[in-house]
Novice: 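I have a structure I would like to understand better, so I am pasting it below and will then ask my questions one at a time.
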Amino acid sequence: MAVRKFKPMTPGTRHKIAGTFDDITSSTPEKSLLRSLPSTGGRNNTGKMTMRYIGGGHKRQYRIIDFKRDKDAMTAVVKTIEYDPNRSARIALISYADGEKRYMLAPNGLKVGQVVATGANAAPEVGNTLFLADVPLGTVIHNIELYPGQGAVMARSAGTYAQLLAREGKYAIIKLPSGETRMVLITCRATIGAVSNPDHSLEAHGKAGAKRWLGRRPHNRGVTMNPVDHPMGGGEGRSSGGHPRSRKGILAKGYKTRNPKKNSSKFIVSRRKK
């Protein structure tokens with residue numbers, strides 16, 4: 001996967017950097033794994049806007065992703081590597097021996113025709129899903145469960161990965177993409193390798209219209225508003241707005257919002273780097 005930089009033929013292409021899509025092998029998704037994805041425009045069931053700066057954008061269909069990877073004792077063959085408009089990573093269509101098809105997050109280096117497996121007997125190879133008890137120490141992993149059987153919730157974005165550092169009793173110690181070191185039960189599953197599309201962070205939209213295609217409307221800062229609209233608004237000329245805070249007055253940029261009495265804090269070995 002690489003990126004291509006456009007020539008400045010127009011103002012919109014002057015700073016545009018886009019992916020090459022070299023790794024994608026099919027442009028037609030599996031119809032049985034598609035679901036409708038209605039757009040809300042940031043409004044709730046009564047029509048009230050509860051999320052600002054949302055609206056428009058290209059119509060999408062949701063691809064059902066198998067984050068659990070719980071079909072043990074049966075191998076699957078990778079049929080296609082596909083683009084998913086709902087996430088930054090690529091997805092892979094896999095076909096099991098009994099004919100069932102599922103989508104999975106495509107790890108970096110996964111190829112069409114490759115065989116992937118899951119469960120206690122699977123080898124620690126790219127694309128295979130194992131219990132943390134069976135993953136060799138020092139292995140790069142992604143798609144990690146936080147609770148057994150929950151389905152993967154950590155390290156799912158493009159190019160991200162975690163690393164298994166150690167095992168202590170019934171817990172595995174994992175270094176997460178944020179830099180946080182955390183204990184997770186060894187009965188949780190994880191997939192070997194790093195997530196695909198690592199160059200996603202190098203892409204640049206090039207123009208405001210490209211954000212509109214994604215369903216994101218213009219976002220105005222608090223300091224540009226009036227005092228009645230935002231705590232940081234008002235003042236003569238251009239003012240800094242004081243200490244950064246949200247529209248409802250909650251401090252930001254350094255103010256800790258995590259509950260100090262949260263039960264799961266005991267599983268965090270070291271917090272992420274500031």
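Predicted model only: the values in this text are computed from it and were never measured.
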Novice: Calculate, to the nearest 0.5 Å, the distance between atoms NZ and CZ belonging to K48 and R43 respectively.
Specialist: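 The distance works out to 10.5 Å.
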Novice: Scan for ring pair (Phe, Tyr, Trp, His ring centres under 6.0 Å) pairs involving residues 22-65, sequence neighbours excluded, and state none if there are none.
Specialist: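 Matches after skipping sequence neighbours: Y53-H219.
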Novice: Determine which pairs satisfy ring pair (Phe, Tyr, Trp, His ring centres under 6.0 Å) with at least one residue from residues 105-139, sequence neighbours left out, and list them in order.
Specialist: none
Novice: If you look only at pairs with a residue in residues 162-172, which of them pass as a salt bridge (charged side-chain N to carboxylate O under 4.0 Å, His left out), with sequence neighbours excluded?
Specialist: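 Applying salt bridge (charged side-chain N to carboxylate O under 4.0 Å, His left out) to every pair that reaches into residues 162-172, excluding sequence neighbours, yields nothing.
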Novice: Consider only side-chain heavy atoms of I, L, V, M, F, W and Y, link residues closer than 4.5 Å, and tell whether V153 and I174 are in one cluster.
Specialist: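 The answer is yes; both residues are in one hydrophobic cluster.
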Novice: Would you mind reporting whether R156 and N143 have side-chain heavy atoms less than 4.5 Å apart?
Specialist: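 In contact.
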Novice: Got a sec, which pairs hit side chain to side chain donor-acceptor pair (under 3.5 Å) with one end in residues 113-129, sequence neighbours left out?
Specialist: R69-T129, T118-R189, T129-T191
Novice: Once salt bridge (charged side-chain N to carboxylate O under 4.0 Å, His left out) is applied, what residue pairs with a partner in residues 226-241 remain, sequence neighbours excluded?
Specialist: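 Those involving residues 226-241 do not exist here.
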Novice: Under the side chain to side chain donor-acceptor pair (under 3.5 Å) rule, what pairs show up with a residue in residues 91-102, not counting sequence neighbours?
Specialist: D66-R102, D70-R102, K71-D98, K71-E100, E100-R102
Novice: How would you list, by chain and number, every residue that makes a side-chain contact (heavy atoms from CB on, under 4.5 Å) with R258, sequence neighbours excluded?
Specialist: K262, S264, S265, I268, R271
Novice: Can you give the donor-acceptor pairs under 3.5 Å from side chains of residues 28-39 to other protein atoms, not counting sequence neighbours?
Specialist:
residue, atom, partner, partner atom, Å
E30, OE2, S32, OG, 3.1
R35, NH1, S32, O, 3.4

Novice: Where do T181 and L165 come nearest, in terms of heavy atoms and distance?
Specialist: CG2-CD1, 4.1 Å
Novice: Identify the heavy atoms of I17 and K5 that sit nearest to each other, and give their distance.
Specialist: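 I17 and K5 have their closest heavy atoms at CG1-CG, 4.1 Å.
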Novice: Nearest 0.5 Å please: distance from the CG atom of L214 over to the CD1 atom of I54.
Specialist: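 Answer rounded to 0.5 Å: 12.5 Å.
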Novice: Tell me the salt bridge (charged side-chain N to carboxylate O under 4.0 Å, His left out) pairs involving residues 80-89, sequence neighbours left out?
Specialist: D84-R87
Novice: Taking all non-hydrogen atoms of both residues into account, name the closest pair between K266 and M183 and its distance.
Specialist: O-CE, 3.6 Å
Novice: Please, which pairs that meet ring pair (Phe, Tyr, Trp, His ring centres under 6.0 Å) have at least one residue in residues 145-174, sequence neighbours excluded?
Specialist: Y171-F267
Novice: Test of understanding: with side-chain contact (heavy atoms from CB on, under 4.5 Å), list the residues that count as partners of T50, not counting sequence neighbours.
Specialist: N44
Novice: First locate atom CG of D134, then atom OG1 of T139, and finally report the distance between them rounded to the nearest 0.5 Å.
Specialist: 11.0 Å
Novice: In chain order, what residues pass the side-chain contact (heavy atoms from CB on, under 4.5 Å) check against T187, with sequence neighbours excluded?
Specialist: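 By the side-chain contact (heavy atoms from CB on, under 4.5 Å) rule, T187 matches P148, L185.
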Novice: Give, for atom CD1 of I24 and atom OH of Y83, the distance between the pair rounded to the nearest 0.5 Å.
Specialist: 8.0 Å
Novice: Please tell me if the side chains of M225 and M232 come closer than 4.5 Å, counting only heavy atoms from C-beta onward.
Specialist: no
Novice: Please check: side-chain N/O of N197 versus main-chain N/O of S88, any donor-acceptor pairing under 3.5 Å?
Specialist: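 Checked: pair present.
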